[in-house]
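Chain A is the first sequence line, chain B the second, and so forth, proteins listed ahead of strands; every chain is numbered from 1. Basis for what follows: all heavy atoms, side chains included, without hydrogens, waters or symmetry-related copies. Please read these numbers as outputs of a predicted model, since none were measured by experiment.
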Amino acid sequence: MSGDHGERDSQVNSGSRANDAHKHKDKHKEHRRKEHKKDKEREKAKHSNSEHREHSEKKHRDKEKERLKHSDGSVDRHREKPKEKDKEKRREEKVKSFHVEGKPKKEKENGHAREMWNSLSPPDIKSEPEEDNGLYPSPKHNKTLKRERDEEEFEYKPKKIKTENGKKAKKRKQEYEDEEEEEEDIKPKKKTKDKKSGADGKKAKETEEKWKWWEEERSTDGSKWKFLEHKGPVLAPPYEPLPGHVRFFYDGKLLRLSAPAEEVATFFAKMLDHEYTTKDMFRKNFYKDWRKEMTSEEKSKITDINKCNFTEMSEYFKAQSEARKQMSKDEKLKIKEENERILQEYGFCVMDNHKERIGNFRIEPPGLFRGRGDHPKMGMLKRRIRPEDIIINCSKDSKHPKPPQGMRWKEVRHDNKVTWLVSWTENIQGSIKYIMLNPSSRIKGEKDWQKYETARRLKKCVDRLRAQYREDWKSKEMRVRQRAVALYFIDKLALRAGNEKEEGETADTVGCCSLRVEHIKLYPKMDDQEYVVEFDFLGKDSIRYYNKMPVEKRVFKNLQLFLENKQPEDDLFDRLNTSILNKHLQELMDGLTAKVFRTYNASITLQQQLKELTSPDESIPAKILSYNRANRAVAILCNHQRAAPKTFEKSMQNLQTKIDEKQKQLSATRKQLKGAKTEHKASHDDRSKKMVEVKRKAVQRIEEQLMKLQMQATDREENKQIALGTSKLNYLDPRISVAWVKKWDVPIEKIYNKTQREKFAWAIDMAEEDYEF
DNA sequence: ACGTCCACTTAGCAATTAGCAT
DNA sequence: ATGCTAATTGCTAAGTGGACGT
């Protein structure tokens, strides 16, 4: 059956070179189809009970949702279902949920923003341009990129002095020409260097504080650093056996566990009140791995996880954490100091003469793997990492970190083509984990900056690209049409690329290229709209993406074509994958890949929304609300969701109470003002005049406070299930925000907290109020 | 023209801490 | 000081995409 649609593409006349991409895919498909069948059967068997439970759970959720007005469902989050992987079930549930929530009334912020987006984006190519131009009235144009050129030589390790140089500047400029061609401001700007000494790393402290790496030159030879020295990772503390009074019971009888078995048992015990310890898959995986740690005696005694009683352990840990909270202040202080000491010792490294903060310097401790969504490996034991599992990366001529007494590292290497300091292989997926630098570091910052420059280059040619993919919708080749439609989705809906994943190894989630037939529905007509496509699938982290969007007729027709003769579990784009797509993109623009569209669309949307929403004379809090709304539009576009905070309702209520009180206070004060006025009229003396002034001021102040509270309430309400952080941190060119802040005199702290300010120091330093993305 | 490995970015939630009201 | 909530930081899973070997 895998061959069955190979021929189909002859329809569009491409037949022959049925590239192997799709052969490969068919293999997957076949597998999936089998699974599908199996699931179906299984499903039939159990149908009644479990299905039922889910069903009502879901219903409940839907109701809740409806009540909250997020009825268009786009924000709805949809975590995996409990049961064992059961695709069929998932499918059915979706259908149901569609009926329930599909119909919605008017949407709230959410749908709203999406709609707005839908209407402003690509479809009409025409409309694009203005986006590009007119944004900021008086672009003085340029500055923004000032920094780059100029630079001094970077002296690495030893203290040499940098050679200054015009030539350098020249080089750099040309190198990045593409990226930032427009402005010329080539002339070297001030350079702040802190050349300083490499030698005494000490002094680095203050000087480094403000190192402006963005005013220095980037290296061009592909090396990521010249010198790197660090202290290695902090290992997980060894296991401490439980005190004797904490008991474990098996089948009602006391059982003393060996230390290794006990340790794994405690991992489970610590999660006892978490929902996933009730999931079959979790328990099964845990049990299987646990047995591997047992002595043979334990193995023979413990044969059924359901007879295990971990409650004393669980209670013990709860008590421990309670005790920790109750510790006296100086005990706490002591711990804090100790942590600080560790941070100072292990939390920094020296890279090319600068002391830089490390992101994660602790090795992940052992525990039970918690995958997200319906993960087939949930509950497996994540094993303890020992020095002999660890690879150290540092300069040959640095002081190498030393392994603990009597142990050795797996390897010490000196690879300056990579940025990591430490790595190890994790046992669940076999993937490699790394210790790398903090986002405020030069090495991360440069890359981040570069990412936005690439997105800005896309901005310059996006019209051309859009015109091209629209043209490609008419191609004779199936493969080209698929590519063009997929690209349209990526551009318009900000979908992720969608690499293929190994089946059965991870939760079943998809992105654009890996969408399956079952993930979309076509409606030639829906309400007053034509050619509506409904998307419903689980994306990264098993977050549900649900959206309905009218598309152009040609796209719609193409989708119908792609769907012909396919099963629900077949790939929608059977002749496409991310590598093909990216290869194509690369040809259209240097450095272009699918993810650049997300960055570009996110940033341009922010800029555009800020422009639209900010009114010059609103107060600062109102401006902040506008900013958050612009940010929110982006988060919605990118489908960044969060679980509504547990305490949401309550905190909302508290806020409302405050507002009510403030309102009362306001009317009371107003009354007083009136009284004062009357009195002043009568007496005309200074005293009463003063009183009027005082009251007038008070009224004003209270009004402001009230407004501020109201803004806060609105903001919070609108933000209930939207996470702003992800887009702010990863998709929005920080220079847009910085420019906005400068333009409207909003304190930067209102937009970026300390960590964020550190990460975006480069942008804060270089963007002026006229910066244009 | 893969498939596999590797490096690095992006992601949501949990734990911790800060900040406020009492 | 205490106790709460809100904000921040930490953690690590889950993506993307390039390089490389076959």
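When all heavy atoms are compared, the tightest approach of W213(A) to S440(A) is NE1-O, 4.0 Å.
Taking the side-chain hydrogen bond (donor to acceptor under 3.5 Å, both in side chains) definition, one finds that Q429(A) meets it with H375(A), sequence neighbours left out. Q665(A) pairs by the side-chain hydrogen bond (donor to acceptor under 3.5 Å, both in side chains) definition with K662(A), not counting sequence neighbours. By the side-chain hydrogen bond (donor to acceptor under 3.5 Å, both in side chains) test, N285(A) pairs with no residue at all, sequence neighbours left out. Among residues two or more places apart in sequence or in another chain, the side chain to side chain contact (heavy atoms under 4.5 Å, CB included) test is passed with S395(A) by W225(A), F227(A), L228(A), D397(A), S398(A). Residues passing the ring pair (Phe, Tyr, Trp, His ring centres under 6.0 Å) test with Y452(A), sequence neighbours excluded: none. Scanning for ring pair (Phe, Tyr, Trp, His ring centres under 6.0 Å) contacts around F535(A) gives F489(A), with sequence neighbours left out. In this structure, the side chain to side chain contact (heavy atoms under 4.5 Å, CB included) partners of S579(A), at least two apart in sequence or on a different chain, are N577(A), K583(A). For R496(A), there are no salt bridge (charged side-chain N to carboxylate O under 4.0 Å, His left out) partners, not counting sequence neighbours. The side-chain hydrogen bond (donor to acceptor under 3.5 Å, both in side chains) check on S223(A) picks up D221(A), K226(A), with sequence neighbours excluded.
When the side-chain nitrogen and oxygen atoms of K329(A) are compared with OP1 and OP2 of dA1(C), one or more of them lie within a distance under 4.0 Å. Distances shown here put every side-chain N or O of K754(A) at or beyond 4.0 Å from the OP1 or OP2 atom of dT8(C). Side-chain nitrogen and oxygen atoms of T726(A) include none within less than 4.0 Å of the OP1 or OP2 phosphate oxygen of dT10(B).
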Collect all protein-nucleotide pairs involving nucleotides 17-22 of chain B in which both atoms are nitrogen or oxygen and the distance is under 3.5 Å.
none

Anything under 3.5 Å between a protein N or O and an N or O of nucleotides 2-5 of chain C, put it in a table, one pair a line.
from	atom 1	to	atom 2	distance (Å)
dT5(C)	OP1	K650(A)	NZ	2.3

Contacts under 3.5 Å, N or O only, protein and nucleotides 11-15 of chain C:
from	atom 1	to	atom 2	distance (Å)
dA13(C)	OP1	K382(A)	NZ	3.1
dA13(C)	OP2	K433(A)	NZ	2.4
dA14(C)	OP1	R372(A)	N	2.7
dA14(C)	OP1	H375(A)	ND1	3.3
dA14(C)	O4'	D541(A)	OD1	3.4
dG15(C)	OP1	T509(A)	OG1	2.7
dG15(C)	OP1	D541(A)	N	3.2
dG15(C)	OP2	K501(A)	NZ	3.0

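Closest-nucleotide positions on DNA chain B for R413(A) and K595(A) were compared, and the one nearer the 5' end corresponds to R413(A). Across the interface with DNA chain C, nearest-nucleotide mapping of A594(A) and Q712(A) shows Q712(A) to be the residue nearer the 5′ end. Of the residues near DNA chain B, S727(A) and K646(A), the one whose nearest nucleotide (by heavy atom distance) lies more toward the 5' end is S727(A).
Taking atom CG of N438(A) as the reference point, atom C1' of dC8(B) lies 15 Å away to the nearest angstrom. Protein atom CD of E446(A) is 13 Å distant from nucleotide atom P of dC8(B), rounded to whole Å. Protein atom CD of E749(A) is 16 Å distant from nucleotide atom P of dA7(C), rounded to whole Å. As rounded to whole Å, 13 Å separates atom C1' of dA19(C) from atom CG of D415(A). Rounded to an integer number of Å, the gap from L581(A) CG to dG18(C) P is 11 Å. Note: CZ (R642(A)) to P (dA7(C)) measures 10 Å, nearest angstrom. If you measure from atom CG of N582(A) to atom P of dC2(B), you get 14 Å, rounded to the nearest angstrom. Whole-Å rounding puts the K447(A) NZ to dG18(C) P distance at 10 Å.
Across all strands shown, Y434(A) has heavy atoms under 4.0 Å from base atoms, whether or not it also approaches the sugar-phosphate. Contact annotation for R324(A): no contact, since no heavy-atom pair falls under 4.0 Å across all strands. Residue contacts shown for K224(A) are limited to sugar-phosphate atoms, with no base heavy atom under 4.0 Å away. The residue S431(A) sits apart from the nucleic acid: no heavy atom pair falls under 4.0 Å.
E322(A) has a carboxylate O that lies under 4.0 Å from a charged side-chain N of K325(A), or vice versa, which qualifies the two as a salt bridge.
Ring centers of F361(A) and Y346(A): at least 6.0 Å apart, outside the cut-off.
Distances were taken from every side-chain heavy atom of M436(A) (C-beta onward) to each of dA14(B), dG12(B), dA7(B); the shortest belongs to dA7(B).
In this structure, a donor-acceptor pair under 3.5 Å is present between the side chains of D660(A) and Q656(A).
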